[in-house]
Trainee: 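There's a structure below that I have some questions on.
Order of the sequence lines sets the chain letters (A, B, ...), proteins ahead of strands, with each chain counted from 1.
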There are 2 protein chains.
Amino acid sequence: MSPSEVADAPDAGSIEPTAAKARIIRAALDLFARHGVGGTSLQMIADEIGVTKAAVYHQYKTKDEIVLAAAEDELARLQAIIDAAETEPSRKRAPDMLVTGIVDLAVDRRRTVSTILSDPVIADFFAEHETFHEVMHRLRRVLIDDDAGPEAGVRTAILLAAISGAVMHPFVVDLDDDKLRAELLRLARRFLGLHG
Amino acid sequence: MSPSEVADAPDAGSIEPTAAKARIIRAALDLFARHGVGGTSLQMIADEIGVTKAAVYHQYKTKDEIVLAAAEDELARLQAIIDAAETEPSRKRAPDMLVTGIVDLAVDRRRTVSTILSDPVIADFFAEHETFHEVMHRLRRVLIDDDAGPEAGVRTAILLAAISGAVMHPFVVDLDDDKLRAELLRLARRFLGLHG
DNA sequence: GTCTATAGTGCGATAGAC
DNA sequence: GTCTATCGCACTATAGAC
C-alpha cells in the first residue's frame with residue numbers, strides 16, 4: 001500500500017483504513033437503520049455514495065464483509081467509551097461515568113445501534129465474536145461492585161440490553177433526544193444503585 | 001367457506017380465521033426471528049410449511065400483507081394481557097399484574113418479539129397503526145399513577161421498550177429464561193416503584 | 001479506484017389446471 | 001386450497017478496460 005493511503009490512520013486499532021471504505025460503512029449503517037440489513041442491497045449502498053456496485057466490491061469482496069465491518073464500527077464506539085472509563089482513577093465514579101457514556105452513545109446513534117444489534121445475522125455473528133465478548137468482560141469489570149452477588153453479571157447484561165434496546169423502539173420513536181437521555185440515565189442509576 | 005373450517009374460531013377478534021393462514025403466520029414469525037424480515041423469502045415460508053409459493057399467495061396477496069398480519073398477531077398477545085389487567089378490581093394490584101404479564105410474554109416469545117419490533121419496516125408500520133397507539137394508551141392508563149407527573153408517560157414507554165428490547169439482545173442470548181424473567185421483573189418493579 | 005458489461009441465481013407475483 | 005409453469009426484475013458477484 002502507498003504511504004498516502006494510510007497517512008490519516010495513526011491509531012493502530014482503526015477499522016476503516018481508507019476513506020473509500022469509511023464512506024461505504026457510513027452509508028451502509030444509515031441504510032441498515034432505514035431498511036434493515038436484509039432490506040439493504042449493494043446497489044442502494046453504491047447509489048448512496050454515488051458510485052457503481054463494482055466500486056463497492058473493490059473495497060469489500062462480499063456483502064457479509066460490509067455487514068461485519070459495519071457492526072465492528074459500532075462496537076468500536078463502545079470500546080472507546082470503556083477505554084475512557086477504565087482510566088478513571090476513582091473506582092466509585094467510574095461506573096457512573098461508563099453508564100453516562102453508554103447512554104449518550106445509545107441516544108446519539110439511536111437510529112442505527114438497535115437495528116444493528118437486533119438483526120439476527122449480526123446477533124449470531126457477535127455470539128462467536130471474540131472482541132465482542134472481550135468488551136462485555138471489560139464492561140462488567142467496571143460496573144460490578146466487588147462484593148456483588150453472582151447475579152450482578154446478569155443484571156449488568158440486562159441493563160445494557162435495556163438501554164440499547166430502548167433507544168429506537170417503536171414505543172419511544174416520538175421522544176426527543178434530551179428526554180430520552182435523561183430518563184435512561186435515571187433508569188440506569190436506579191437499577192445500579194448509583195447516586196451520581 | 002365450509003362450517004368445519006371455522007368451527008374452532010369462536011372469538012370475534014381473532015386475526016387468523018383459517019388454519020392455513022395461521023400456519024403461514026406461525027412459520028413467518030419463526031423465520032423472521034431467525035433471518036430477519038428482509039432476509040425471509042416467500043419460498044422459505046412455503047418450504048417451512050411444505051407447500052408452494054402459489055399456495056401462500058392464495059392466502060396473502062403480497063409479502064407486506066404477511067408481515068402486517070404477523071406483526072398484528074404479536075400485538076394481539078399484548079392486547080390479551082392488557083384485557084386481563086383491566087379487569088383486575090384492585091387499582092393497586094393492576095400495574096404489577098400488567099408488568100408481570102408483559103415480562104412473561106416478552107420472555108416466552110423472546111425469539112420473535114424483539115426482531116418484529118426492531119425491524120425498520122414494522123416500526124414505520126406501527127407508527128401509523130391505530131390499534132398500536134390504542135394499545136399504548138391502554139398500557140399507560142393501567143400503569144401510571146393518577147398523581148404522577150408529566151414524565152410518567154415517557155418513563156412507561158422507556159420501561160416497556162427496555163423489557164422487549166432486552167429479551168433477545170446479544171448481551172443476554174446465553175441467559176436462561178428463568179433468570180431473565182426474574183431480573184426483568186426486578187428491573188421493572190424498581191423502576192415503577194412497585195413492591196409486589 | 002472506478003467504470004461497463006454480464007453471468008447466474010433467486011426474488012415477488014401471476015395465470016390457469018385440478 | 002394446492003399445484004405447475006412462467007414472467008420480469010433485482011440481486012450478488014465477477015471479468016476486464018481505463
Trainee: State whether B:Arg26 and B:Asp30 are salt-bridged, where the test is any N-O pair (Lys NZ or Arg NE/NH1/NH2 against Asp/Glu carboxylate O) under 4.0 Å.
Mentor: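 The answer is no: the pair does not qualify as a salt bridge.
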Trainee: Does D:dC11 have its OP1 or OP2 closer than 4.0 Å to a side-chain nitrogen or oxygen of A:Ser41?
Mentor: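 A:Ser41 to D:dC11 OP1/OP2: side-chain N or O found under 4.0 Å.
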Trainee: Starting the side chain at C-beta, find the nucleotide from D:dG1, C:dT14, D:dA13 nearest to A:Thr62.
Mentor: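 Per side-chain heavy atoms of A:Thr62, the pick is D:dA13.
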Trainee: Need to verify one output field. Residue with the more 5' nearest nucleotide on DNA chain D, A:Lys53 or B:Val51?
Mentor: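 Closest to the 5' end, via its nearest nucleotide, is B:Val51.
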Trainee: Starting the side chain at C-beta, find the nucleotide from D:dT12, C:dG1, D:dT2 nearest to A:His58.
Mentor: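 Per side-chain heavy atoms of A:His58, the pick is C:dG1.
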Trainee: Measure the distance from NZ on B:Lys63 to P on C:dG10 and round it to the nearest whole Å.
Mentor: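 After rounding, the gap between these two atoms is 16 Å.
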Trainee: Could you tell me the separation between the OH atom of B:Tyr60 and the C1' atom of C:dT14, rounded to a whole number of Å?
Mentor: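 One finds 20 Å between C1' of C:dT14 and OH of B:Tyr60, rounded.
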Trainee: First locate atom CD1 of A:Ile81, then atom CG of A:Asp104, and finally report the distance between them rounded to the nearest 0.5 Å.
Mentor: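 Going from the CD1 atom of A:Ile81 to the CG atom of A:Asp104 covers 7.5 Å.
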Trainee: Atom NE2 of B:His35 to atom P of C:dG10: distance rounded to whole Å?
Mentor: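 In whole Å, C:dG10 P and B:His35 NE2 are 15 Å from each other.
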Trainee: Please report the distance, rounded to the nearest Å, between CD in B:Gln43 and C1' in C:dT9.
Mentor: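 Atom-to-atom, B:Gln43 to C:dT9, this comes out as 13 Å.
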Trainee: Just to be sure I understand the rule, does B:Thr52 reach a base, reach only the sugar-phosphate, or reach nothing, if contact means heavy atoms closer than 4.0 Å?
Mentor: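 If one applies the 4.0 Å heavy-atom cut-off, B:Thr52 turns out to touch a base.
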Trainee: Taking CG from B:Asp47 and P from C:dG10, how many angstroms apart are they, rounded to a whole number?
Mentor: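 Nearest whole value for this atom pair: 12 Å.
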Trainee: Linking I/L/V/M/F/W/Y whenever any side-chain heavy atoms sit under 4.5 Å apart, do B:Val121 and B:Ile45 land together?
Mentor: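 No, it is not one cluster - the side chains of B:Val121 and B:Ile45 are not joined through contacts under 4.5 Å.
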Trainee: What is the distance, to the nearest angstrom, from the CD atom on A:Glu65 to the P atom on D:dT14?
Mentor: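 From A:Glu65 CD to D:dT14 P: 10 Å.
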Trainee: More 5' along DNA chain D: A:Ala54 or A:Leu42, using each one's nearest nucleotide?
Mentor: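 Final value for this comparison: A:Leu42.
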Trainee: Judged by modelled atom types alone, do A:His169 and B:Ser164 share a side-chain donor-acceptor pair under 3.5 Å?
Mentor: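 Yes, B:Ser164 and A:His169 have a side-chain donor paired with an acceptor closer than 3.5 Å.
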Trainee: Could you tell me how far apart B:Gln59 (CD) and D:dG1 (P) are, to the nearest whole angstrom?
Mentor: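 The distance from CD of B:Gln59 to P of D:dG1 comes to 5 Å, rounded to the nearest Å.
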Trainee: If I take atom OH in residue B:Tyr57 and atom P in nucleotide D:dA5, what distance separates them, rounded to the nearest angstrom?
Mentor: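 Checked: the OH to P distance equals 19 Å.
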Trainee: Checking side chain to side chain donor-acceptor pair (under 3.5 Å) for the pair B:His133/B:Glu128: CA distance, chi angles, key distance, verdict?
Mentor: CA-CA 8 Å; B:His133 285 110; B:Glu128 299 173 9; over 6 Å; no
